[in-house]
Chemist: 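Dropping a structure here in structure tokens format, bear with me for questions.
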Amino acid sequence: MQTSEMKLDGNAIAGLLGEIFAVEMTTAHGTCASCGAVNEVGRVDVYVQAPGTVVRCPSCEQVLMRIVRQPGRGRYWLDLTGVRCLEFAEG
Amino acid sequence: MSLRGPLIAWQFGELVELVHETPRVSSLYFNMPMWPGHLAGQHVDVRLTAEDGYQAERSYSIASPPEARWVALTVERLDDGEVSPYLVGELKVGDKVELRGPIGGHFVWRAGDDRPLLLVAGGSGVVPLMAMLRHRATAPHKAPARLLYSSRALADIIYREEIDRLVSANDGLFVSHTLTREKPAGWSGYTRRIDAAMVKEVAWPKAQTPAVFVCGPTPFVETAADLLVGLEYDPLWIKTERFGATGGPGGG
């Protein structure tokens with residue numbers, strides 16, 4: 001199986017993001033820190049096969065976010081290095 | 001103790017009805033007393049907990065329209081899955097399952113959107129699109145809609161009779177089926193994988209600026225979206241939901 005066949009989109013992490021953020025995030029817009037493209041979170045590329053979730057820019061494929069959730073311990077690691085800005089509506 | 005609850009809390013849903021759609025696919029109707037309502041296209045997460053505390057979570061599209069009494073999921077059994085073999089095979093009416101939702105705000109369609117609707121489904125990718133068609137069927141004003149639905153074989157077509165009924169209502173819905181692994185006698189639909197000629201025949205002309213939803217396995221979604229962009233559709237008209245190599249969102 002090719003990695004490209006495992007690609008999901010931002011819809012797949014709507015629940016995970018819902019655990020972290022106070023508002024629905026798949027309709028938020030993220031600016032890629034690498035290429036500057038602005039994409040709705042529902043449209044980004046998502047890979048869930050790694051120990052954490054890796055979110056990539058659909059325009060340049062650079063990493064936007066990495067999210068690790070430790071099962072059972074209620075602890076999260078959220079790396080947003082690749083996101084310059086997240087814009088979203090009031091909940 | 002947390003200062004505020006999560007946005008989407010886990011709750012128990014009781015299975016009230018089980019419908020076998022195809023040999024591998026069943027629809028599960030849940031009574032969700034705390035359900036806040038949903039939009040067509042949203043999904044839920046299902047969480048199973050083993051006796052030793054091990055938990056498995058999977059996402060499943062909601063098949064029922066916002067107007068329905070029960071929350072329906074249509075689940076394809078994946079033999080090597082962690083969750084679907086339990087939902088399709090072991091779960092019985094009266095059993096309770098942990099769910100949270102509705103989830104997602106991007107891949108949703110409201111009947112008030114009067115742009116022509118184009119739905120493109122691969123296999124069980126039809127599930128959230130069926131929620132849209134069921135929602136559309138209840139609306140007083142119905143946007144014209146077309147569904148292109150790819151299945152392996154005739155017996156694998158989910159909701160086949162209901163789709164036929166929706167079409168026979170003659171209210172502006174047009175459905176094209178394609179079968180990729182079978183050519184039944186008397187079949188009038190396509191019998192090949194989705195391609196440029198098929199998409200060109202089914203899709204709305206770009207001048208009509210349609211709303212497009214594509215759902216299915218990742219390779220299918222990538223192909224369909226590329227073909228639509230090839231028709232000079234604006235990528236922003238096209239919303240996709242990828243299920244991965246197989247199965248529901250996230251697989252299993």
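We use all heavy atoms of the structure for the numbers below, so side chains are in, but hydrogens, waters and symmetry mates are not. Numbered from 1 within each chain, the chains take letters A, B, ... in sequence-line order.
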Chemist: Got more than 12 heavy atoms from elsewhere within 6.0 Å of CZ, B:Arg193?
Modeler: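 No, because the 6.0 Å sphere around CZ of B:Arg193 holds 12 heavy atoms or fewer from other groups.
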Chemist: Between the side chain of B:Arg242 and the main-chain N/O of A:Asn11, is any donor-acceptor distance below 3.5 Å?
Modeler: no
Chemist: Step through the shown structure and confirm whether more than 12 heavy atoms of other residues, nucleotides or ligands are within 6.0 Å of CD on A:Glu87.
Modeler: no
Chemist: Please check if the number of heavy atoms outside A:Glu61 that lie under 6.0 Å from its CD is greater than 12.
Modeler: no
Chemist: Heavy-atom count around B:Arg192 CZ within 6.0 Å, excluding the residue itself: above 12?
Modeler: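 Atom CZ in B:Arg192 is packed in, count exceeds 12.
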Chemist: Looking only at heavy atoms, which two atoms of A:Arg43 and B:Pro235 are closest? And how far apart?
Modeler: NH1-O, 3.3 Å
Chemist: Would a distance-only check, ignoring hydrogens and angles, find a side-chain to backbone donor-acceptor pair under 3.5 Å from A:Thr26 to B:His106?
Modeler: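 Looks like yes, one N/O pair under 3.5 Å.
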Chemist: Side chain, backbone, both or neither: which part of B:Glu222 has a non-hydrogen atom closer than 4.5 Å to chain A?
Modeler: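 For B:Glu222, side-chain heavy atoms alone lie under 4.5 Å from chain A.
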Chemist: Measure the spacing between CD1 of B:Ile8 and CD of A:Glu19 and express it to the nearest 0.5 Å.
Modeler: 8.0 Å
Chemist: Looking at B:Asp45, B:Leu236, B:Val221, B:Val44, which makes the most heavy-atom pairs under 4.5 Å with chain A?
Modeler: B:Leu236
Chemist: Working to the nearest 0.5 angstrom, can you tell me the gap between A:Glu5 CD and B:Phe220 CZ?
Modeler: 14.5 Å
Chemist: For the CD atom of B:Gln42 and the CD atom of A:Glu24, what is their distance to the nearest 0.5 Å?
Modeler: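 So the CD of B:Gln42 and the CD of A:Glu24 are separated by 7.5 Å.
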Chemist: With a cut-off of 6.0 Å (strictly less than), are more than 12 heavy atoms of other residues, nucleotides or ligands near CZ of B:Arg47?
Modeler: yes
Chemist: Which atom names give the shortest non-hydrogen contact between B:Ile103 and A:Gly15, and what distance separates them?
Modeler: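 Minimum heavy-atom separation between B:Ile103 and A:Gly15: CG2-N, 3.3 Å.
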Chemist: With rounding to the nearest 0.5 Å, note down the distance linking CZ in B:Phe243 to CG in A:Asp9.
Modeler: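 Reported value, rounded in 0.5 Å steps: 10.0 Å.
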